[in-house]
There are 2 protein chains.
Amino acid sequence: MQTVTNAPIARHFEAGMLSRAMAAQGRRSCGVGSVRVLEKDEELFAEGDPAVFFYRVTEGVIRTSKLLSDGRRQIDAFHFPGDVFGVEAGDEHRFSAEAATAATVIAYRRRDLDELHFDETFSREVLDAVMHALERAQRHMLLLGRKSAIEKIATFLVDMAERLDGDDAIELPMSRLDIADHLGLTIETVSRSLTELERKGIIHVPASRRTIVLRDKAALARLNG
Amino acid sequence: MQTVTNAPIARHFEAGMLSRAMAAQGRRSCGVGSVRVLEKDEELFAEGDPAVFFYRVTEGVIRTSKLLSDGRRQIDAFHFPGDVFGVEAGDEHRFSAEAATAATVIAYRRRDLDELHFDETFSREVLDAVMHALERAQRHMLLLGRKSAIEKIATFLVDMAERLDGDDAIELPMSRLDIADHLGLTIETVSRSLTELERKGIIHVPASRRTIVLRDKAALARLNG
DNA sequence: CGCCATCTTGAGCAACCTCAAGTTGAGTGG
DNA sequence: CCACTCAACTTGAGGTTGCTCAAGATGGCG
């Protein structure tokens, strides 16, 4: 139910059940293994919705988040192409999912996961996927609970550089607000931290503020805490 | 790899493989399904240790945590009797585990998990267990990233009341420092928040400071954010 | 070219932390 | 049974970080 990059589960679905199911049904809009195209900020599901499907990102970025009653938001993860999310133990989604950019996902009917249970390697692959998501969540708890604003931003940039494998320049696909709500900061603090890192010569932020040039990855890594 | 209270996996082990393995080996000190007794603050495993075993608590409380290089600590979870923790996707433990109180755990050899893979219901049970842990982690990220000190304490007390099923009084099994490192606060702020809740008449803290009497659960729930 | 969402910057403030004393309860030994 | 000790906790004063509120800058897009 979180990010899983090396997603064997997804491959499994593609090669097997999904393509067959899609061929049988002859449709691409909804149902088993259906493709769903989302525009920026479109909602895929909300917290509390029945968890009928889980998803794999094929294009763009999905954010999953939780809200407090007064609107404060925590984005628990960004999901990139290949990542699987929305797998639930219970019958409801525990967070909401929206498109952080224009995005495309494939929806897998959750029921089929149960039916495919006889497949030996399959459930182990799902388990691995969820465990990787848990690992990510545990690292993020350390960040949220114990890192300073600058350290949070540094960690975030290093993580994004890995996931986007941008060698030295990365194109952030999400807004400052999304970054803030992921790192437990305000957009002002995100902005100020980026400015501070630039002042120190560790990064460079060109006029189109979505691009970040990593000038000194070693310094960033040191700032990780 | 986190707290799972309704642990079918543990039952499975007890009824099946574990007892047979223990009978065959005739020992209780280490190895498959062995019992391990820990005194307070004793370390069960450290971050980076090879993940040979995973564990189930039978007595006491185990804390799992991560450290930053300068010693800052984040306790990601407390594990109570019945909870399973230490299940890893990779070959290393991603956090350390110590006894928050005197505790007893049962160690299960991880290899046996792989061997038992043919068991249809088994891997699904492990998956559910890990997914419940992930749910807990996601709720905790919202707390760490977006709640105030008072809200964190209120959420913590409500959660502890559920898990210890203390009707209106709970006996906290962990120190203020452990609470602080779980909630992303300092011990002083934990103490002041408890005092503040007492001043408002929402809780009462008797002389033995480990006991908390919940006077107004509705108010606590409202403070959850 | 002009609009507008997004981002940055500034000033003041609040929440929480740090550092430093007190307080207290539980355990210990006489 | 009582004094003593010590870890754990509380309380206080002051500092720092990050937030709030407000205003400006800017680039993308029509």
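Please read all numbers here as calculations on a predicted model, not as lab measurements. Residue numbers begin at 1 in each chain, while the letters A, B, ... track the order of the sequences.
- Straight-line distance from the CD atom of B:Glu198 to the P atom of D:dT10: 9 Å, rounded to whole Å.
- Residues A:Pro81 and A:Gly60 share a closest heavy-atom pair of CD-O, 3.3 Å.
- Two residues are said to be in side-chain contact when any heavy atoms from C-beta on lie closer than 4.5 Å; A:Leu197 and A:Leu223 meet this criterion.
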Please write out each protein N/O paired with an N/O of nucleotides 14-16 of chain D under 3.5 Å, distance rounded to 0.1 Å.
none

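- Between C:dC7 and A:Arg210, a contact under 4.0 Å exists linking OP1 or OP2 to a side-chain N or O.
- For A:Phe45 and A:Phe53, the ring centers sit 6.0 Å or farther from each other.
- For B:Ile153 and D:dT10, the CD1 to C1' distance is 14 Å, given to the nearest whole Å.
- For the contact set between residues 181-191 of chain A and DNA chain D, defined by any heavy atom under 4.0 Å, the members are A:Gly184, A:Leu185, A:Thr186, A:Glu188, A:Thr189.
- Computed from coordinates, the B:Arg176 CZ to C:dG25 C1' distance equals 13 Å when rounded to whole Å.
- With no hydrogens or angles considered, a side-chain donor-acceptor pair links A:His204 and A:Glu198 at under 3.5 Å.
- In this structure, the CE atom of B:Met174 is 18 Å from the C1' atom of D:dA7, given to the nearest Å.
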Salt bridge (charged side-chain N to carboxylate O under 4.0 Å, His left out) assessment of B:Glu88 paired with B:Arg110: CA-CA 9 Å; B:Glu88 297 286 351; B:Arg110 191 188 156 199; over 6 Å; no

Chi angles and distances behind the salt bridge (charged side-chain N to carboxylate O under 4.0 Å, His left out) call for A:Arg36, A:Glu42: CA-CA 11 Å; A:Arg36 170 96 185 259; A:Glu42 195 177 343; 3.5 Å; yes

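- If you find the closest nucleotide of DNA chain D to B:Thr195 and to B:Asp41, the one lying nearer the 5' end belongs to B:Asp41.
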Base versus backbone protein contacts along nucleotides 23-30 of chain D [heavy-atom cut-off under 4.0 Å; B, S, -]: ----SS--

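- For the pair B:Leu144 CG and C:dA15 P, the computed distance is 19 Å after rounding to whole Å.
- Using cut-offs of 30° and 60° on the angle between ring planes, the pair B:Tyr55 and B:Phe85 is parallel.
- Partner A:Asp83 forms a side-chain hydrogen bond (donor to acceptor under 3.5 Å, both in side chains) with one of A:His132, A:Arg163, A:Arg56 and no other, that one being A:Arg163.
- Between A:Arg94 and B:Glu135 there is a salt bridge, with a side-chain nitrogen of the basic residue lying less than 4.0 Å from a carboxylate oxygen of the acidic one.
- In this entry the distance linking CG of A:Leu177 with C1' of D:dT20 reads 15 Å, nearest Å.
- The nearest whole Å value for the distance from the CD atom in A:Glu196 to the P atom in C:dG10 is 13 Å.
- Here the side chains of A:Glu47 and A:Lys66 are in contact, with some heavy-atom distance below 4.5 Å.
- Atom C1' of nucleotide C:dT6 and atom CG of A:Leu172 are separated by 14 Å, given to the nearest angstrom.
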Evaluate A:Asp41 against A:Arg63 for salt bridge (charged side-chain N to carboxylate O under 4.0 Å, His left out), listing each step before the verdict. CA-CA 9 Å; A:Asp41 293 324; A:Arg63 60 171 181 253; 3.1 Å; yes

